[in-house]
A.B. asks: 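Please see the structure below; I have some questions.
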Amino acid sequence: MEKLPKGGVFALIIIAVLLITLFKSAVTIDSGEAGVLFETFGEGVVTDKPPMAEGFHIVAPWNKVYVYEVRQQELFEKMKVLSSNGLEIQIDASAWYEPVYDQLGNLHQSLGQGYLQRVIQPAIRSAARSVIGRYTPDDLYGSKRDAIQVEIYQETKKILDKQYVQLNEILIRDITLPNTIKDAIERKLNQEQESLEYEFRLVTASKEAEKVIIEAKGKAESNRILSASLTDKILQDKGIDATIKLAESDNSKVIVIGSGDSGLPIILGNQ
């Protein structure tokens with residue numbers, strides 16, 4: 001086999017070196033990601049420039065690029081915390097978070113790619129313990145659940161705002177109480193509901209009685225006024241008017257002219 005001339009070997013070596021250099025220098029940042037540049041012979045992590053955006057980049061082969069996901073991410077967390085009266089409560093929560101894009105270099109320099117375990121999880125657990133410790137199991141089971149969720153978010157956010165991490169939301173997905181406490185709370189709520197229903201029935205019955213009394217008083221007053229206004233003369237005139245109307249009616253009847261108890265004519269019909 002013919003040996004390659006020395007010039008050809010040298011050319012192959014140069015090509016190989018160039019390919020290796022190009023391979024090590026080429027960096028592709030995928031969608032939803034950003035890169036932090038580390039300059040080996042410079043000042044280390046680049047913090048005074050924006051992160052490397054999505055797309056294809058060429059960097060010096062002796063430098064490194066650390067890729068971070070900059071989309072919103074979700075952390076599922078199960079925690080056991082104590083209520084104000086010392087009972088153990090289990091909370092299932094979700095946290096929506098993302099790194100602060102413009103501070104990605106500082107995040108990498110101070111916390112690195114394990115920032116989730118280094119600051120986010122401890123911050124959420126600390127805030128949850130602090131907030132839940134101010135409430136009783138009744139509060140957790142009742143209407144204060146939304147307020148507790150907001151408080152945990154606010155306390156966690158205070159911590160993470162100093163750590164180059166943006167906290168978007170914390171959601172309390174489930175709160176699990178000991179069965180004995182849960183049963184006791186449910187019995188108490190049922191008793192309160194029954195008491196409210198009983199009070200409602202009493203109030204309704206009282207109002208109904210008041211209505212009947214008012215109607216009875218009104219009717220009695222109406223009858224009194226009517227009785228006071230009806231004299232014998234008025235009754236006689238009304239009787240005469242009624243007799244005339246009957247006489248003019250087409251109905252079959254017999255009118256006997258005479259005197260009844262009130263001095264009015266006696267009317268006998270066909271029945």
Side-chain angles (χ1 to χ4, degrees), residues 21-81 89-135 145-176:
T21 301
L22 180 62
F23 177 76
K24 289 181 65 66
S25 300
V27 176
T28 301
I29 308 295
D30 291 334
S31 175
E33 296 179 341
V36 175
L37 180 63
F38 179 84
E39 296 178 337
T40 303
F41 300 109
E43 296 182 356
V45 178
V46 175
T47 58
D48 57 350
K49 295 179 182 178
M52 297 172 66
E54 301 171 2
F56 182 79
H57 301 267
I58 296 293
V59 298
W62 50 85
N63 291 338
K64 295 180 182 179
V65 175
Y66 295 89
V67 178
Y68 282 79
E69 184 172 0
V70 292
R71 286 178 289 217
Q72 176 174 276
Q73 301 164 67
E74 184 172 15
L75 166 67
F76 294 98
E77 191 72 10
K78 282 183 179 286
M79 298 169 281
K80 288 187 178 180
V81 295
I89 311 296
Q90 179 172 301
I91 296 180
D92 293 353
S94 293
W96 295 347
Y97 69 94
E98 59 190 87
V100 177
Y101 186 86
D102 293 337
Q103 298 295 325
L104 203 57
N106 290 319
L107 174 65
H108 180 73
Q109 190 175 56
S110 60
L111 297 171
Q113 292 177 310
Y115 68 93
L116 173 63
Q117 294 78 21
R118 285 194 174 99
V119 294
I120 295 180
Q121 286 180 324
I124 293 173
R125 291 169 184 171
S126 175
R129 290 190 184 98
S130 174
V131 173
I132 298 300
R134 299 196 289 264
Y135 291 91
R145 182 166 171 170
D146 290 342
I148 292 169
Q149 178 174 285
V150 171
E151 287 184 38
I152 293 175
Y153 166 77
Q154 290 173 341
E155 291 206 14
T156 307
K157 191 173 186 300
K158 284 181 186 177
I159 301 172
L160 296 183
D161 280 348
K162 304 171 186 177
Q163 302 295 333
Y164 314 112
V165 177
Q166 176 180 315
L167 182 67
N168 297 331
E169 191 69 74
I170 283 186
L171 304 174
I172 303 298
R173 295 185 288 116
D174 190 31
I175 295 178
T176 304

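Throughout, numbering of the chain's residues begins at 1 and tracks the sequence. Predicted model, so just to flag it, every value in this text is computed and none were measured.
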A.B. asks: How about Q90 and I175: do any of their side-chain heavy atoms sit closer than 4.5 Å?
C.D. replies: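 Heavy-atom side-chain distance check fails, nothing below 4.5 Å.
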A.B. asks: Got S94 and E77 here, is their nearest side-chain heavy-atom distance under 4.5 Å?
C.D. replies: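 Of all side-chain heavy-atom pairs linking E77 with S94, none is under 4.5 Å.
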A.B. asks: Measure across A34 and Y101 and return the closest heavy-atom pair with its distance rounded to 0.1 Å.
C.D. replies: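 Distance-wise, the nearest heavy atoms are CB-CE1, 3.6 Å.
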A.B. asks: Sorted by first residue and then second, give each salt bridge (charged side-chain N to carboxylate O under 4.0 Å, His left out) pair with at least one member in residues 46-60; sequence neighbours left out.
C.D. replies: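 Those involving residues 46-60 do not exist here.
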A.B. asks: Under a 4.5 Å cut-off applied to non-hydrogen side-chain atoms, are I172 and I91 in contact?
C.D. replies: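 Side chain of I172 against side chain of I91, heavy atoms only: contact under 4.5 Å found.
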A.B. asks: Compare all side-chain heavy atoms of Q154 with those of K158 and state whether any distance is below 4.5 angstrom.
C.D. replies: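 Sidechains of K158 and Q154: no contact.
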A.B. asks: Are side-chain heavy atoms of V165 and I120 found at a separation under 4.5 Å?
C.D. replies: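 A side-chain contact exists here, since the closest heavy-atom pair is under 4.5 Å.
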A.B. asks: Is the closest side-chain donor-acceptor distance between Q103 and N106 under 3.5 Å?
C.D. replies: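 Looking only at side-chain atoms, N106 and Q103 do form a donor-acceptor pair, the distance falling under 3.5 Å.
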A.B. asks: Quick one: closest heavy-atom pair of L104 and P51, and the distance?
C.D. replies: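 Taking every non-hydrogen atom into account, CB-CG, 3.8 Å.
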A.B. asks: Tell me whether R71 is salt-bridged to E98, with the criterion being a basic N under 4.0 Å from an acidic carboxylate O.
C.D. replies: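 Salt bridge absent between R71 and E98.
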A.B. asks: Taking T40 for the side chain and W62 for the main chain, is one N or O donor matched with an acceptor at less than 3.5 Å?
C.D. replies: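 Yes; judged by distance alone, with no hydrogens or angles, the pair exists.
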A.B. asks: Atom CZ in F76, atom CZ in R173: separation rounded to 0.5 Å?
C.D. replies: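 Nearest 0.5 Å value for the CZ-CZ distance: 5.5 Å.
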A.B. asks: Side chain to side chain contact (heavy atoms under 4.5 Å, CB included) between I159 and V119: does it pass, once the steps are laid out?
C.D. replies: CA-CA 8 Å; I159 301 172; V119 294; over 6 Å; no
A.B. asks: Is the closest basic N to carboxylate O distance between D92 and K78 below 4.0 Å?
C.D. replies: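 So D92 pairs with K78 through a salt bridge.
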A.B. asks: Salt-bridged, R134 to E151, with N to O below 4.0 Å?
C.D. replies: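 Salt bridge present between R134 and E151.
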A.B. asks: Nearest 0.5 Å, please: how far is CD in Q166 from OH in Y164?
C.D. replies: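 Y164 OH to Q166 CD: 15.5 Å, rounded to 0.5 Å.
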A.B. asks: Just to verify, which of Q113, H108, E33 counts as forming a side chain to side chain donor-acceptor pair (under 3.5 Å) with Y68?
C.D. replies: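 Running side chain to side chain donor-acceptor pair (under 3.5 Å) over Q113, H108, E33 with Y68 returns exactly one hit, H108.
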A.B. asks: Backbone N or O of I152 within a donor-acceptor pair of the T156 side chain at under 3.5 Å?
C.D. replies: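 Side chain of T156 to backbone of I152: a pair is present.
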A.B. asks: If every non-hydrogen atom of Q73 is compared with every non-hydrogen atom of P99, which pair is closest and at what distance?
C.D. replies: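 For Q73 versus P99, the nearest heavy atoms are NE2-CD, 4.0 Å.
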A.B. asks: Does any non-hydrogen side-chain atom of L37 lie less than 4.5 Å from one of H57?
C.D. replies: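 No, their side chains stay 4.5 Å or more apart.
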A.B. asks: Rounded to the nearest 0.5 Å, how far apart are CD of E155 and CG of L160?
C.D. replies: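 E155 atom CD to L160 atom CG measures 12.0 Å (nearest 0.5 Å).
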A.B. asks: What's the spacing between L167 CG and L75 CG if we round to 0.5 Å?
C.D. replies: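 These two atoms lie 10.0 Å from each other.
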A.B. asks: Does a sphere of radius 6.0 Å around CD in E43 hold more than 12 heavy atoms from other residues, nucleotides or ligands, not counting ones at 6.0 Å or beyond?
C.D. replies: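 No, because the 6.0 Å sphere around CD of E43 holds 12 heavy atoms or fewer from other groups.
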A.B. asks: Using 0.5 Å steps for rounding, measure from the NZ atom of K162 to the OG atom of S110.
C.D. replies: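 Reported value, rounded in 0.5 Å steps: 14.0 Å.
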A.B. asks: Quick check for you: to the nearest 0.5 Å, what is the distance between W96 atom CH2 and I170 atom CD1?
C.D. replies: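 Nearest 0.5 Å value for the CH2-CD1 distance: 11.5 Å.
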A.B. asks: For residues N168 and Q72, determine if any side-chain heavy atom of one lies less than 4.5 Å from a side-chain heavy atom of the other.
C.D. replies: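 Yes, their side chains come closer than 4.5 Å.
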A.B. asks: Ignoring hydrogens, what is the shortest heavy-atom contact between M79 and A128? Give both atom names and the distance.
C.D. replies: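 Here M79 and A128 meet closest at SD-CB, 3.7 Å.
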A.B. asks: Are any non-hydrogen side-chain atoms of F56 and V27 less than 4.5 angstrom apart?
C.D. replies: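 No, their side chains stay 4.5 Å or more apart.
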A.B. asks: Assess whether side chain to side chain contact (heavy atoms under 4.5 Å, CB included) is satisfied between V36 and Q109, documenting all intermediate values.
C.D. replies: CA-CA 10 Å; V36 175; Q109 190 175 56; over 6 Å; no
A.B. asks: Please report the C-alpha distance between F38 and V65 in whole Å, then the side-chain angles of each, then the deciding distance to 0.1 Å, and finally whether the side chain to side chain contact (heavy atoms under 4.5 Å, CB included) criterion is met.
C.D. replies: CA-CA 6 Å; F38 179 84; V65 175; over 6 Å; no
A.B. asks: Write down the atom of G105, the atom of V45, and the distance for their closest heavy-atom approach.
C.D. replies: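 The pair with the smallest heavy-atom distance is O-CG1, 3.5 Å.
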